[in-house]
Colleague: 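Below is one structure. I have some questions about it.
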Amino acid sequence: MQGTKFTEEKLGQAEKTELDAHLENLLSKAECTKLWTEKIMKQTEVLLQPNPNARIEEFVYEKLDRKAPSRMNNPELLGQYMIDAGNEFGPGTAYGNALIKCGETQRRIGAADRELIQTSAINFLTPLRNFIEGDYKTITKERKLLQNKRLDLDAAKTRLKKAKVAEARAASEQEVRITQSEFDRQAEITRLLLEGISSTHAHHLRCLNDFVEAQMTYYAQCYQYMLDLQKQLGSFPSTFLSNNNQSSTTPAQSVSSPSVLASASASLPSVFNSMVTSGLSELKSSSGSRKARVLYDYDAANSSELSLLADEVITVYSIPGMDSDWLMGERGNQKGKVPITYLELLN
């Protein structure tokens, strides 16, 4: 029946009651809000979870009201591979120790990633989804009712125009009054709902601020993690020097060769340049000893090694023929081999 009335309006057989300009503007604002809220929500989901299969899985579990199985995210998985490789190569070696440190940092980034996703889902995505699936659905329902009331009113007005007999005209006038009243009432209900869009914008603004704060916390954490890692790795220029000694195919240039040092320095941040060209290379080329600060705790694997405690200062020196990843360390009358990657040479 409503479809017939709508068709008559399209064909010009019935007059169309126009909505007032304010209501039309509110309807347009609601449609615009719904459109962009959907786009922002979907793209935020892509940003937080780039894997479409994982997003589908989370959606299915959400609909089933069940918790999705916990899995390692990409940084955590990379971190675990690095740690496993480092342990396989040997945590006492330069490369093995560096891999373990990088792996631990990747796992911290993975944990921060989880926190960002969880916080953003609660504080940002959920309110946007609630608007799309809740408030806007209610608006759509009431708008459809308004459309039906308008069609009823237009049909009543058309019958009034066609009424010739006084009795039929009186009945038509009564029908117009009733349908007009119902239309006005529905228009008011729809208007009140639509005016709530301004409150929705204010609410979404607060949610947006929460999302920005969550991102700020995440990126600050990641920056700090990488800064700490860079400092740890930057304390060990021997890793670059010892790698240059490990060529198995052609004779390598001397570690002290200016061209090799220049190449290594060019590939590192300037803050480490002086460390590459001095420090351990000087220590290994001389018979003297240096003070070194211990960066991490180290448990001796056998009686030839010296156990270390973080932040203690020991004396270190090189012995001809010793593995490039190790130095001799002394603490009082205790002596033993110590891994270079656990030390920071002091001037």
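The model shown is predicted, which means the values in this text are computed figures rather than measured ones. Residue numbers start at 1 and run along the sequence shown.
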Colleague: Measure across Leu99 and Ala85 and return the closest heavy-atom pair with its distance rounded to 0.1 Å.
Modeller: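 Closest approach of Leu99 to Ala85, heavy atoms only: CD1-CB, 4.0 Å.
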Colleague: Got a sec, which residues hit ring-ring contact (aromatic ring centres under 6.0 Å, His included) with Phe89, two or more places apart in sequence or on another chain?
Modeller: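 Checked Phe89 against ring-ring contact (aromatic ring centres under 6.0 Å, His included); matches are Tyr95.
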Colleague: Which pairs count as side chain to side chain donor-acceptor pair (under 3.5 Å) when at least one residue sits in residues 206-226, sequence neighbours excluded?
Modeller: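 Every side chain to side chain donor-acceptor pair (under 3.5 Å) pair that includes a residue of residues 206-226, provided the two are not neighbours, is Gln224-Asp228.
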Colleague: Under the side-chain hydrogen bond (donor to acceptor under 3.5 Å, both in side chains) test, which residues partner Lys161, sequence neighbours left out?
Modeller: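 Once residues adjacent in sequence are excluded, the partners of Lys161 under the side-chain hydrogen bond (donor to acceptor under 3.5 Å, both in side chains) criterion are Glu15.
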Colleague: With sequence neighbours excluded, give me every salt bridge (Lys or Arg N to Asp or Glu O under 4.0 Å) pair touching residues 214-223.
Modeller: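 Every candidate salt bridge (Lys or Arg N to Asp or Glu O under 4.0 Å) pair involving residues 214-223 fails, so no pair, neighbours aside, qualifies.
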Colleague: Ignoring hydrogens and angles, state whether a donor on the side chain of Lys149 or Thr179 is under 3.5 Å from an acceptor on the partner side chain.
Modeller: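 No pair is found: no donor N or O on one side chain lies under 3.5 Å from an acceptor on the other.
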Colleague: Provide the closest heavy-atom pair for Leu343 versus Leu308 in the form atom of the first, atom of the second, distance.
Modeller: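 Closest approach of Leu343 to Leu308, heavy atoms only: CD2-CD1, 4.3 Å.
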Colleague: On a heavy-atom basis, which atom in Glu142 and which in Ile189 lie closest, and how many Å separate them?
Modeller: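 Residues Glu142 and Ile189, closest heavy atoms: OE1-CG2, 3.8 Å.
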Colleague: Can you run down the side chain to side chain donor-acceptor pair (under 3.5 Å) pairs that involve residues 74-93, sequence neighbours left out, and say none if there aren't any?
Modeller: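 Counting only pairs at least two positions apart or across chains, the side chain to side chain donor-acceptor pair (under 3.5 Å) contacts touching residues 74-93 are Glu76-Arg114, Gln80-Asp84, Gln80-Arg107.
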Colleague: Side-chain heavy atoms under 4.5 Å apart, restricted to Ile/Leu/Val/Met/Phe/Trp/Tyr: what other residues fall into the cluster of Ile122, or is it alone?
Modeller: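 Grouped by the 4.5 Å side-chain rule, Ile122 forms a cluster of one, so the answer is none.
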Colleague: List the residues meeting side-chain hydrogen bond (donor to acceptor under 3.5 Å, both in side chains) with Glu24, not counting sequence neighbours, and say none if there are none.
Modeller: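 Checked Glu24 against side-chain hydrogen bond (donor to acceptor under 3.5 Å, both in side chains); zero matches.
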Colleague: Using every non-hydrogen atom in the two residues, find where Thr17 and Arg150 come nearest and quote the distance to one decimal.
Modeller: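 Smallest interatomic distance, heavy atoms only, reads O-CD, 3.0 Å.
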Colleague: Check residues 193-200 and write down every donor-acceptor pair under 3.5 Å in which the side-chain atom is one partner and the other belongs to a residue at least two apart or another chain.
Modeller:
{"from": "Glu195", "atom 1": "OE1", "to": "Arg191", "atom 2": "NH1", "distance (Å)": "3.0"}
{"from": "Glu195", "atom 1": "OE2", "to": "His22", "atom 2": "NE2", "distance (Å)": "3.2"}
{"from": "Glu195", "atom 1": "OE2", "to": "Arg191", "atom 2": "NH1", "distance (Å)": "2.6"}
{"from": "Ser198", "atom 1": "OG", "to": "Lys29", "atom 2": "NZ", "distance (Å)": "3.1"}
{"from": "Thr200", "atom 1": "OG1", "to": "Gly196", "atom 2": "O", "distance (Å)": "3.2"}

Colleague: Report the residues that fulfil side chain to side chain contact (heavy atoms under 4.5 Å, CB included) with Val212, sequence neighbours left out, ordered by chain and then residue number.
Modeller: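 By the side chain to side chain contact (heavy atoms under 4.5 Å, CB included) rule, Val212 matches no residue at all.
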Colleague: What residues, two or more places apart in sequence or in another chain, satisfy ring-ring contact (aromatic ring centres under 6.0 Å, His included) together with Tyr298?
Modeller: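 With sequence neighbours excluded, Tyr298 shows a ring-ring contact (aromatic ring centres under 6.0 Å, His included) to Tyr342, given in chain and number order.
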Colleague: Output the distance between atom CD (Glu182) and atom CG (Leu145), rounded to the nearest 0.5 Å.
Modeller: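 Spacing of CD (Glu182) from CG (Leu145) equals 11.0 Å.
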Colleague: Please say whether the positively charged group of Lys137, taken as NZ for Lys or CZ for Arg, lies over the ring of Phe131, i.e. under 6.0 angstrom from the six-membered ring centre and within 45 degrees of the axis.
Modeller: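 No, Lys137 does not lie over the aromatic ring of Phe131.
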Colleague: Using the side-chain hydrogen bond (donor to acceptor under 3.5 Å, both in side chains) criterion, which residues pair with Asn302? Sequence neighbours excluded.
Modeller: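 Applying side-chain hydrogen bond (donor to acceptor under 3.5 Å, both in side chains) to Asn302 gives Ser304.
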Colleague: If I compare all heavy atoms of Met328 with all of Val338, which pair ends up nearest, and what's the gap?
Modeller: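 Of all heavy-atom pairs spanning Met328 and Val338, the closest is C-CG2, 4.4 Å.
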Colleague: Using the ring-ring contact (aromatic ring centres under 6.0 Å, His included) criterion, which residues pair with Phe211? Sequence neighbours excluded.
Modeller: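 Partners of Phe211 under the ring-ring contact (aromatic ring centres under 6.0 Å, His included) test: Phe124.
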